[in-house]
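Worksheet for the structure shown next.
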2 protein chains.
Amino acid sequence: MAIEKKSQRDSLIWAAAKLFRRQGYSGTGLRDILAASGVARGSLYHYFPGGKEQIGAAAVTAAGGLVTETFAELAKQADGPADFLRCYTALLVRWLEASDFQDGCPITTTLLETTPGSTAIGDAGRAVFADWGEVMADMLAQADWPQDRIAPMATAIIAGLEGALLLARVQGTVQPIHDTVAALCTLLEPTAA
Amino acid sequence: MAIEKKSQRDSLIWAAAKLFRRQGYSGTGLRDILAASGVARGSLYHYFPGGKEQIGAAAVTAAGGLVTETFAELAKQADGPADFLRCYTALLVRWLEASDFQDGCPITTTLLETTPGSTAIGDAGRAVFADWGEVMADMLAQADWPQDRIAPMATAIIAGLEGALLLARVQGTVQPIHDTVAALCTLLEPTAA
DNA sequence: AATATTATGACGACTGGTCTACATATAATA
DNA sequence: TATTATATGTAGACCAGTCGTCATAATATT
């Protein structure tokens, strides 16, 4: 379900997602998206009568969903929350460096630009964050965390990752990611003091 | 030094900062900035020959500096790092709710949109984050934190706050801030288990 | 009076997103 | 098979908006 059939519609969505992540939502014109996807101008409004906003929402959903899948798979394989974080960190660092710190979180920029102006994009973003939170919560539950501390901790993990990714991108170093993850891991393994 | 004399130059900077925070950098036209500041088009290029990018950098520096001052003052008054975080949280929550979740971090959106494309804006952002980190580090040092854990923790705090603010804005709730700050406070007060 | 500094708004080359009208392909119906 | 019907894809016009430049006017400073 991740990489769908290469219809024009999907070409548009993924081209948009890529560009939005690097240049932001407002900074990306429909021209860019069309050029990157090789789709003709008029076809866009055939697939997305809602125009740019609808493409934005679809891009957030698609890119966010890909991250959700990565999270879920990693959570299954990892040996507890702390190990999960370290594995994900490794991926993150590789992606960041491979793109010369151009590819950060695929949805934050778009969401910050359009919140709370666009309800469609906002809804898509909230749904994605909810999915991520659920994966984290399941993982914490499986590590026998106390029920009442699961939801807050899941949120804190996502917040920490998002913030660290932002700092890393701006500073052009992966150090903030390591620092933040180290702090999170301290919380996740209270045993190893 | 916070609210400078009301010259045209400063009017432009603060109008730009306000608009960039709410609508993003690309989403804000010079038109909007000029209208909001009541300055004529040509005057803009008198004060900022570098055009929009230079205004962006100036806005990041100005808005970021204001936050630095708030941090510094709060750090002086607060009773330790955890108390500092709780006080700042109270401010943050008030600002967010007062603006109907429109006013988030005044520099993140602009930075995400322009990094690493614009070196001028990027440099301004890095300088601001460095200042913030220094305030946090000083505070941790005064709380007798071990030297080698100060810098990472300072980064983790900023990352957590940034991420929490992002989530709060998108979700339209202040809950993520409380959750994240609670986690950070657990790290800052290892005594109260 | 002569010279900097500050301030101005019209202009141009271009891009923004959106729309309407048209062409083709696939499928359903008669 | 012939004829609709529906989905898919295309082309270009449209105007408000983008940023930046310029020649000029008003004001300060010497």
Side-chain angles (χ1 to χ4, degrees), chain A residues 4-60 62 109-115 117-122 124, chain B residues 4-60 109-110 113-114 117-122 124:
Chain A
E4 350 237 323
K5 67 180 173 190
K6 219 209 136 218
S7 71
Q8 289 205 52
R9 193 169 193 278
D10 294 317
S11 299
L12 282 171
I13 292 181
W14 290 107
K18 247 175 231 183
L19 290 167
F20 288 160
R21 174 163 65 173
R22 297 203 173 189
Q23 322 171 351
Y25 177 78
S26 302
T28 302
L30 295 185
R31 295 179 108 89
D32 303 330
I33 299 175
L34 293 171
S37 62
V39 172
R41 192 157 188 68
S43 302
L44 195 145
Y45 279 83
H46 171 69
Y47 296 110
F48 301 96
K52 195 184 186 183
E53 187 180 8
Q54 193 182 351
I55 286 203
V60 166
T109 312
T110 298
L111 287 172
L112 280 176
E113 286 179 88
T114 57
T115 297
S118 160
T119 55
I121 298 179
Chain B
E4 353 237 322
K5 67 180 174 189
K6 219 210 137 216
S7 70
Q8 287 204 52
R9 194 169 193 278
D10 295 317
S11 298
L12 282 170
I13 293 181
W14 290 108
K18 244 176 233 183
L19 290 167
F20 288 160
R21 174 162 65 173
R22 297 204 173 189
Q23 321 172 352
Y25 177 77
S26 303
T28 302
L30 296 186
R31 212 189 164 77
D32 303 330
I33 299 175
L34 294 171
S37 63
V39 172
R41 188 160 193 78
S43 302
L44 192 148
Y45 282 86
H46 173 68
Y47 294 109
F48 302 96
K52 195 182 184 183
E53 187 181 7
Q54 194 182 349
I55 284 207
V60 166
T109 312
T110 297
E113 285 179 89
T114 58
S118 161
T119 55
I121 298 178

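Numbered from 1 within each chain, the chains take letters A, B, ... in sequence-line order. The structure displayed is predicted, hence computed values, not measured ones.
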Checklist entry - In Å, rounded to the nearest 0.5 Å, how long is the span from CG of Leu12(A) to CG of Leu30(A)? => result 9.5 Å
Next on the checklist: For a side chain to side chain contact (heavy atoms under 4.5 Å, CB included) check, start with the C-alpha distance between Ile121(A) and Glu113(A), then their side-chain angles and the critical distance, and finish with the verdict.
Outcome noted: CA-CA 10 Å; Ile121(A) 298 179; Glu113(A) 286 179 88; over 6 Å; no
Checklist entry - In Å and rounded to the nearest 0.5 Å, what is the CD1 to OG1 distance from Ile55(B) to Thr110(B)? => result 12.0 Å
Checklist entry - Side chains of Phe20(A) and Val60(A): does their closest heavy-atom pair fall under 4.5 Å? => result no
Checklist outcome for this item: For DNA chain C, consecutive-pair runs of 3 or more (Watson-Crick or G-U wobble, both H-bond-type distances under 3.5 Å) give C:3-30 with D:1-28
Checklist entry - Would you say Tyr45(A) reaches dC19(C)'s phosphate, i.e. side-chain N/O to OP1/OP2 under 4.0 Å? => result no
Checklist entry - Could you give the CG-to-C1' distance, from Asp32(A) to dT15(C), as a whole number of Å? => result 10 Å
Item to check | side chain to side chain contact (heavy atoms under 4.5 Å, CB included) between Thr109(B) and Thr109(A), intermediate numbers included | outcome: CA-CA 6 Å; Thr109(B) 312; Thr109(A) 312; 5.8 Å; no
Checklist entry - Which one of Gln54(B), Glu53(B), Lys52(B) satisfies the side chain to side chain donor-acceptor pair (under 3.5 Å) criterion with Ser118(B)? => result Glu53(B)
Checklist entry - How far does CZ of Arg22(A) sit from OG1 of Thr28(A), to the nearest 0.5 angstrom? => result 11.0 Å
Checklist outcome for this item: From NE2 of His46(A) across to P of dA21(C) the rounded distance in Å is 18 Å
Next on the checklist: Please list, in numerical order, the residues of residues 19-31 of chain B that have a heavy atom closer than 4.0 Å to any atom of DNA chain C.
Outcome noted: none
Item to check | Distance, rounded to the nearest Å, where Arg41(A) contributes CZ and dC22(C) contributes P | outcome: 19 Å
Checklist entry - Is there a side-chain contact between Ile13(B) and Phe48(B), using heavy atoms and a 4.5 Å cut-off? => result yes
Checklist outcome for this item: Phe48(B) CZ to dC19(D) P, in whole Å, measures 15 Å
Item to check | Atom-to-atom span, CG of Leu34(B) to C1' of dT8(C) - whole angstrom | outcome: 11 Å
Checklist entry - Any side-chain heavy-atom pair from Arg41(A) and Arg31(A) closer than 4.5 angstrom? => result yes
Checklist outcome for this item: Ile55(B) CD1 to dC19(D) C1', in whole Å, measures 12 Å
Item to check | Closest to the Ala40(B) side chain, choosing from dG12(D), dT10(D), dG9(C) | outcome: dG9(C)
Checklist entry - OP1, OP2 of dT6(C) versus side-chain N and O of Ser43(B): anything below 4.0 Å? => result no
Checklist entry - Once you round it to whole Å, what is the distance between P of dT15(C) and NZ of Lys52(B)? => result 16 Å
Item to check | Separation of atom CG in Leu44(B) from atom C1' in dT8(C), rounded to whole Å | outcome: 12 Å
Checklist entry - Which part of the nucleic acid, if any, lies within reach of Gly51(A) when heavy atoms closer than 4.0 Å are counted: base, sugar-phosphate only, or nothing? => result sugar-phosphate
